[in-house]
Amino acid sequence: MEANRPDTVTRILDVSERLFVEHGFEATSLRMITQQAEVNLAAVNYHFGSKDALFEAVFTRRLGPLIEACLAELDALEGEKDGPTAEGLVMTFIRPCLALSKDPARGGALFVRLLSRTLVENHRLLRESLSQQYSEFAQRYGVAFQQALPELSLETLSWRMHLAFSVMFNAFAGNDVLKIFMRSQIVTARDPEMIVKHLVPFVIAGLTSPVQE
């Protein structure tokens with residue numbers, strides 16, 4: 001039976017991941033997925049039950065290990081004698097994202113783009129499930145940034161974390177915003193190494209800039 005083939009689930013997830021990046025969730029139909037994955041609709045329904053559940057499954061197989069890698073980096077940083085710094089905290093997030101972007105077996109740059117785009121758009125299907133499953137991630141980073149930047153009020157720190165992570169996710173989403181206004185050939189928005197090179201000092205400057213009275 002096709003639905004029971006060992007590689008069916010992986011094939012469906014891989015094709016769905018690519019199509020969600022190329023077309024977005026709403027524009028990606030189950031028919032597109034089944035045609036390119038070379039499975040029938042019964043196989044998708046058998047393994048996932050719905051398009052919504054399939055979309056969530058695309059994330060959970062990649063995002064769990066990424067979050068674990070970030071928290072492992074955070075554990076190591078917090079174990080250091082001098083404690084966390086703003087730059088060190090940013091890098092505990094950047095390094096795992098960069099490693100993931102270079103590893104096609106774990107989704108590579110394609111998944112990093114999909115993750116970034118979906119989080120930036122605050123996708124309705126993942127909003128609740130992600131907040132429940134990865135609340136430790138947000139809490140741990142919130143406490144760590146408070147330790148690294150004790151001079152900031154909670155309100156100011158919250159705004160800066162919001163803006164910093166928004167910038168990082170937007171950068172990894174792979175969209176060259178300048179092309180909306182001009183034919184830019186300078187920005188290589190889909191080169192993870194170049195993104196990190198210019199992104200990190202920009203984010204650090206925003207997190208650590210003097211508070212305006």
Side-chain angles (χ1 to χ4, degrees), residues 1-74 92-142 161-162 165-175 190 192:
M1 181 178 176
E2 181 185 36
N4 290 322
R5 286 167 53 191
D7 62 337
T8 297
V9 170
T10 299
R11 197 160 67 251
I12 293 171
L13 289 171
D14 288 346
V15 168
S16 300
E17 187 174 71
R18 176 172 53 79
L19 291 175
F20 287 145
V21 170
E22 292 175 356
H23 305 286
F25 174 77
E26 299 298 340
T28 299
S29 67
L30 286 178
R31 183 175 182 179
M32 293 166 62
I33 293 170
T34 55
Q35 286 180 340
Q36 295 196 30
E38 298 181 341
V39 299
N40 57 39
L41 184 59
V44 176
N45 290 332
Y46 175 81
H47 288 291
F48 302 101
S50 67
K51 180 182 169 183
D52 288 3
L54 172 58
F55 187 65
E56 186 170 344
V58 166
F59 275 82
T60 55
R61 72 164 177 163
R62 309 280 199 207
L63 190 55
L66 176 61
I67 294 297
E68 290 177 6
C70 291
L71 292 178
E73 291 248 2
L74 183 57
T92 65
F93 175 76
I94 291 290
R95 275 192 296 266
C97 285
L98 187 58
L100 174 59
S101 73
K102 296 178 178 180
D103 187 355
R106 295 191 292 137
L110 187 72
F111 177 70
V112 173
R113 285 177 57 204
L114 179 60
L115 169 64
S116 301
R117 185 172 300 175
T118 303
L119 293 180
V120 167
E121 294 173 355
N122 197 15
H123 203 285
R124 62 180 178 82
L125 294 177
L126 297 178
R127 192 179 305 139
E128 183 175 345
S129 63
L130 287 181
S131 64
Q132 292 175 349
Q133 295 179 52
Y134 303 109
S135 59
E136 180 189 359
F137 176 84
Q139 292 170 357
R140 288 280 307 278
Y141 272 88
M161 286 182 64
H162 161 69
F165 278 95
S166 295
V167 167
M168 288 189 284
F169 283 128
N170 266 300
F172 277 115
N175 297 319
R190 295 191 180 181

Set of residues satisfying ring-ring contact (aromatic ring centres under 6.0 Å, His included) with respect to Phe111, sequence neighbours excluded |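 So Phe111 forms a ring-ring contact (aromatic ring centres under 6.0 Å, His included) with Phe59.
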
Search all heavy atoms of [X] against all heavy atoms of [Y] and return the closest pair with its distance.
X	Y	value
Arg62	Val58	CG-O, 3.7 Å
Glu73	Pro96	CG-CG, 4.1 Å
Leu66	Cys97	CD1-N, 4.0 Å
Arg11	Glu38	NH2-O, 3.8 Å

Are side-chain heavy atoms of Lys51 and Phe25 found at a separation under 4.5 Å?
->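 Of all side-chain heavy-atom pairs linking Phe25 with Lys51, at least one is under 4.5 Å.
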
Close side-chain approach of Met32 to Glu22, heavy-atom, < 4.5 Å =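 Met32 does not reach Glu22 side chain to side chain.
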
Per the side chain to side chain contact (heavy atoms under 4.5 Å, CB included) rule, which among Val15, Val39, Ile12, Asn40 passes with Thr34?
->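 It is Val39, the one option of Val15, Val39, Ile12, Asn40 that forms the side chain to side chain contact (heavy atoms under 4.5 Å, CB included) with Thr34.
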
Any chance you could measure [X], atom [atom1], to [Y], atom [atom2], to the nearest 0.5 Å?
X	Y	atom1	atom2	answer
Leu100	Leu63	CG	CG	9.5 Å
Thr8	His47	OG1	NE2	5.0 Å
Ile33	Glu17	CD1	CD	11.5 Å

Apply side chain to side chain donor-acceptor pair (under 3.5 Å) to Thr92 and list each qualifying residue two or more places apart in sequence or on a separate chain.
->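 Scan of Thr92 (side chain to side chain donor-acceptor pair (under 3.5 Å), adjacent residues dropped) gives Tyr141.
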
Could I get the full list of side chain to side chain donor-acceptor pair (under 3.5 Å) partners for Gln36, not counting sequence neighbours?
->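 Only Arg18 meet the side chain to side chain donor-acceptor pair (under 3.5 Å) criterion with Gln36.
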
